[in-house]
Amino acid sequence: MATSQSVVGEEQQDNKLKLYSYWRSSCSFRVRIALNLKGLKYEYKPVNLLKGEQSNPEFLKLNPVGCVPVLVDGPAVIFDSFAIIMYLEDKYPNHPLLPRDINQRAINFQATSIVFSAIQPLHNLGILNYVGEKGGPDAKIPWVQSVIRKGFTALEKLLKEHAGRYATGDEVFMADIFLAPQLHAAYNRFNIQMQDEFPILARLHETYYEIPAFREALPENQPDAAR
């Protein structure tokens with residue numbers, strides 16, 4: 001991992017945005033989309049989760065939880081994708097990630113919450129390793145698929161009356177930023193075929209590939225992506 005023994009001091013002296021990220025992390029994927037939508041340049045700092053670099057003592061100085069993403073903005077060090085995105089929204093108001101309408105904002109927060117509390121944490125690396133230890137390697141995919149399908153069923157119902165071109169209307173907002181990585185992982189990593197079961201989500205999945213900010217943030221387009 002590209003860190004040094006004086007990493008914290010160095011980061012605080014340099015005002016350039018830095019993102020500690022892992023190419024396949026959907027949480028990092030969300031933040032990359034938000035940065036791209038806001039037109040913010042940043043330095044990509046890879047953290048290899050499979051090699052355990054998130055447990056490096058120098059990385060733990062940035063994030064004591066030991067996970068990605070972490071955003072460093074001058075003296076500010078923010079971890080957790082939701083906290084980072086809200087920080088970006090507050091500090092860099094260009095291209096708002098939340099609508100002004102209070103009801104539409106609530107729908108965005110609900111969709112976002114389903115992804116980051118009811119789906120993604122239940123199939124992160126630590127959970128999958130635990131499922132594999134208890135149930136064997138063959139238990140992992142059925143577990144992930146059941147978690148995703150349950151969450152996607154809730155999202156499909158939530159968005160039925162609110163989706164436009166995008167999740168909550170005809171503009172890209174926070175719900176889309178959280179949905180896109182989850183949909184990408186479901187289809188490409190966990191073989192969830194959405195067209196018949198989740199038609200709204202399937203349409204959104206295809207639509208997101210049309211947005212440059214989303215395409216540039218794709219896992220396979222990151223410098224640390226496995227080739």
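Just so it is clear, the structure is predicted and the values come from calculations on it, not from any experiment. Sequential numbering from 1 along the given sequence is applied to the chain's residues. Side-chain atoms are counted along with the backbone in the values below, which use heavy atoms only and exclude waters and symmetry mates.
S21 is not listed as a side-chain neighbour of Q222, based on a closest heavy-atom distance of 4.5 Å or more. A heavy-atom distance below 4.5 Å is not found between the side chains of Q54 and V65. Side-chain contact between Y42 and L71 is absent, with no heavy-atom pair separated by less than 4.5 Å.
Under the side chain to side chain contact (heavy atoms under 4.5 Å, CB included) rule, F178 has a single partner from S81, S113, S26, C27, which is S81. Remark: of the listed residues V131, L125, N129, V131 is the sole one forming a side chain to side chain contact (heavy atoms under 4.5 Å, CB included) with I127.
The backbone N or O of F152 sits nowhere less than 3.5 Å from a side-chain atom of E156 that would complete a donor-acceptor pair. No side-chain donor-acceptor contact under 3.5 Å links E43 to the backbone of L19. No donor-acceptor pair under 3.5 Å is formed between the side chain of N48 and the backbone N or O of E53. Checked by atom type and distance alone, the side chain of N108 pairs as donor or acceptor with a backbone atom of Q104 at under 3.5 Å. A donor-acceptor pair under 3.5 Å is formed between the side chain of W143 and the backbone N or O of L122. With N94 contributing its side chain and K38 its backbone, the two residues share a donor-acceptor pair below 3.5 Å.
The aromatic ring centres of F190 and H123 sit less than 6.0 Å apart.
Nearest approach of P142 to A139, heavy atoms of both residues: CD-O, 3.5 Å. A213 and L37 get closest at one heavy-atom pair: CB-CD2, 3.7 Å. Taking both residues in full, the closest heavy atoms of A163 and R203 are given as CB-NH2, 3.9 Å, listed atom of the first, atom of the second, then distance. The shortest heavy-atom contact between P121 and A118 is CD-N, 4.5 Å.
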Walk me through whether T112 and I85 qualify under side chain to side chain contact (heavy atoms under 4.5 Å, CB included). CA-CA 11 Å; T112 296; I85 290 169; over 6 Å; no
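Residues L201 and F173 fall into different hydrophobic clusters, defined by Ile, Leu, Val, Met, Phe, Trp and Tyr side chains chained together at heavy-atom separations under 4.5 Å. Using a 4.5 Å cut-off between side-chain heavy atoms of Ile, Leu, Val, Met, Phe, Trp and Tyr, with links allowed through other members, Y209 and Y187 fall into the same hydrophobic cluster.
Heavy atoms of other residues, nucleotides or ligands lying less than 6.0 angstrom from CG of D196 number 12 at most. Heavy atoms of other residues, nucleotides or ligands lying less than 6.0 angstrom from OH of Y130 number 12 at most. Heavy atoms of other residues, nucleotides or ligands lying less than 6.0 angstrom from CG of L50 number more than 12. Few gaps surround CD on Q110; more than 12 heavy atoms of other groups in view lie less than 6.0 Å from it.
Take Y208 and apply the ring-ring contact (aromatic ring centres under 6.0 Å, His included) test, not counting sequence neighbours, and it matches F214.
Pairs of residues two or more places apart, or lying in two chains, that qualify as ring pair (Phe, Tyr, Trp, His ring centres under 6.0 Å) and include a residue from residues 65-115 are F82-F116.
Under 3.5 Å, the side chains of N191 and Q193 contain a donor-acceptor pair of N or O atoms.
Between R32 and E216 there is no salt bridge, since none of the side-chain N atoms of the basic residue sits less than 4.0 Å from a carboxylate O of the acidic one.
One distance of note links CG of D176 with CZ of R165; it measures 11.0 Å at 0.5 Å rounding.
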